[in-house]
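A short write-up of the structure that comes next.
Because the structure is predicted, anything quoted here is derived from the model rather than measured. Residues: numbered from 1 along the sequence shown. As the structure lists them, so they are numbered: ligands from 1, and atoms in each ligand from 1.
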Amino acid sequence: MIQLSHLDRTYKAGHSELFVLRNINLTIELGEFVTIMGPSGAGKSTLLNVLAMLDDQWRGEFLFEDAAVHTMNRKQRAELARRRIGMVFQSYHLLEDLTVAENIDLPLSYKDMHRAERQALVADTLDRFSIVGKKDLYPSQLSGGQQQLVGIARAVIHKPALLVADEPTGNLHSAQAAEIMDLFKQLNREGTTVIQVTHSDLNATYGSRTLELRDGWLTRDTAHPDLQRSQ
Ligand code: ADP
Ligand code: ADP
């Protein structure tokens, strides 16, 4: 599904270049659940932003579903990302002046959908994520765990092939975190490829493969199918 070859990402620091990602070579297959770990400043968020196509200041090759992302312009990349990728953030990134229902409807505004079909999909999604009772509330009226449920509902309502999450449970209590991870596992079972950045060893057990970044280098790539949870 994803292939990165010789990918570098640098920042300018005066006249020199600071490497944040160095010579990343990585293949991720359709249906994988991948965890990215490593110390703060290692480049995890940067790699995630590259994969989510939010960052385009890199060099190297990036194939996504056989399409050459490195040859696309900004508009083509944004269009591809909107159609195929959902993103979840540590601090939820919900729009505070929109209701829950309006927040999760947002990704559908890019789609050519009939009004009734769109309303039905929003209703189904509210139901699936058990947030029907919250649909007319604003994000500030919800707990962190509930806000993240809305964040995930919004990220997957258009049925993306890839779900990318940066510290999705970083602001949550462990019970809420487990609920979110169970949801990721379920989406993954249904065919969504999942890539998460986390500091949590527990979160990592939900995935089937853990990558480690250090100082911009990919230093470990461990498959652990035996840890795959059965729930
Ligand atoms: P992590 O997610 O592993 O904590 P990041 O990807 O956020 O790491 O950052 C990796 C490195 O890149 C850090 O040293 C950070 O300070 C640097 N960095 C990130 N964004 C920028 C930026 N916009 N300008 C300069 N340096 C940056
Ligand atoms: P995280 O918890 O995801 O590592 P950070 O606080 O490191 O978050 O970074 C938050 C944002 O600030 C990111 O978008 C990152 O790219 C940017 N950033 C990080 N380090 C720097 C830096 N040295 N200079 C400019 N921007 C930075």
Side-chain angles (χ1 to χ4, degrees), residues 1-28 32-64 69-70 72-75 77-78 80-81 85-94 144 147-148 151-152 154-155 160 162-174 176-177 180-181 184 188 193-224:
M1 178 184 220
I2 290 168
Q3 194 170 347
L4 304 181
S5 307
H6 305 296
L7 188 127
D8 289 327
R9 193 343 172 173
T10 61
Y11 286 107
K12 287 206 167 38
H15 289 293
S16 58
E17 278 192 318
L18 172 74
F19 274 83
V20 174
L21 295 174
R22 307 183 197 221
N23 193 27
I24 303 292
N25 295 289
L26 175 64
T27 301
I28 295 174
E32 281 199 87
F33 188 154
V34 177
T35 305
I36 303 173
M37 302 188 84
S40 190
K44 303 181 298 296
S45 292
T46 304
L47 178 57
L48 214 59
N49 288 340
V50 170
L51 291 167
M53 303 187 197
L54 298 173
D55 184 333
D56 57 5
Q57 300 296 305
W58 42 268
R59 294 184 299 261
E61 282 186 17
F62 178 2
L63 298 178
F64 183 88
V69 180
H70 51 277
M72 292 180 190
N73 63 33
R74 186 173 293 240
K75 188 160 171 264
R77 239 185 348 260
L80 177 61
I85 302 174
M87 179 114 188
V88 174
F89 303 88
Q90 175 171 1
S91 45
Y92 328 124
H93 284 205
L94 303 175
Q147 289 190 57
Q148 193 58 297
I152 297 167
R154 183 185 56 182
L162 174 65
L163 180 62
V164 169
D166 196 351
E167 298 270 10
T169 66
N171 291 339
L172 302 180
H173 300 297
S174 50
Q176 294 173 318
I180 297 300
M181 282 297 105
F184 275 36
N188 179 243
T193 304
V194 178
I195 305 175
Q196 67 169 346
V197 161
T198 185
H199 284 107
S200 156
D201 290 327
L202 185 69
N203 284 16
T205 66
Y206 284 78
S208 49
R209 177 182 180 191
T210 301
L211 306 176
E212 185 188 70
L213 276 177
R214 281 183 183 266
D215 300 327
W217 301 95
L218 195 54
T219 49
R220 252 177 47 183
D221 184 349
T222 317
H224 43 84

### Task
Show your working on side chain to side chain contact (heavy atoms under 4.5 Å, CB included) between Ile36 and Ile195 and close with a plain yes or no.
CA-CA 7 Å; Ile36 303 173; Ile195 305 175; 3.8 Å; yes
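For ligand 1, the atoms closer than 4.0 angstrom to any heavy atom of Ser40 are 4 (O). Close approach of ligand 1 to Thr46 (heavy-atom distance below 4.0 Å) involves ligand atoms 5 (P), 6 (O), 9 (O). Atoms of ligand 1 found under 4.0 Å from any heavy atom of Ser45 (numbered from 1 in listed order, with element): 1 (P), 2 (O), 6 (O), 7 (O).
Screening Val69, Leu63, Leu26 against Leu4 for a side chain to side chain contact (heavy atoms under 4.5 Å, CB included) leaves a single residue, Leu26.
By the 4.5 Å heavy-atom criterion applied to side chains, Val164 and Leu162 are counted as neighbours.
Aromatic ring orientation, Phe62 versus Phe64: perpendicular (interplanar angle above 60°, classes split at 30° and 60°).
For Val20, no nitrogen or oxygen atom sits less than 3.5 Å from a nitrogen or oxygen atom of ligand 1, counting backbone and side chain alike.
By heavy-atom distance, the residue among Ala42, Pro39, Gly41 lying nearest atom 4 (O) of ligand 1 is Gly41.
Looking at Glu17 and Arg59, a side-chain N of the basic residue comes within less than 4.0 Å of a carboxylate O on the acidic one, giving a salt bridge.
For Gly43, the closest heavy-atom approach to ligand 1 falls below 4.0 Å.
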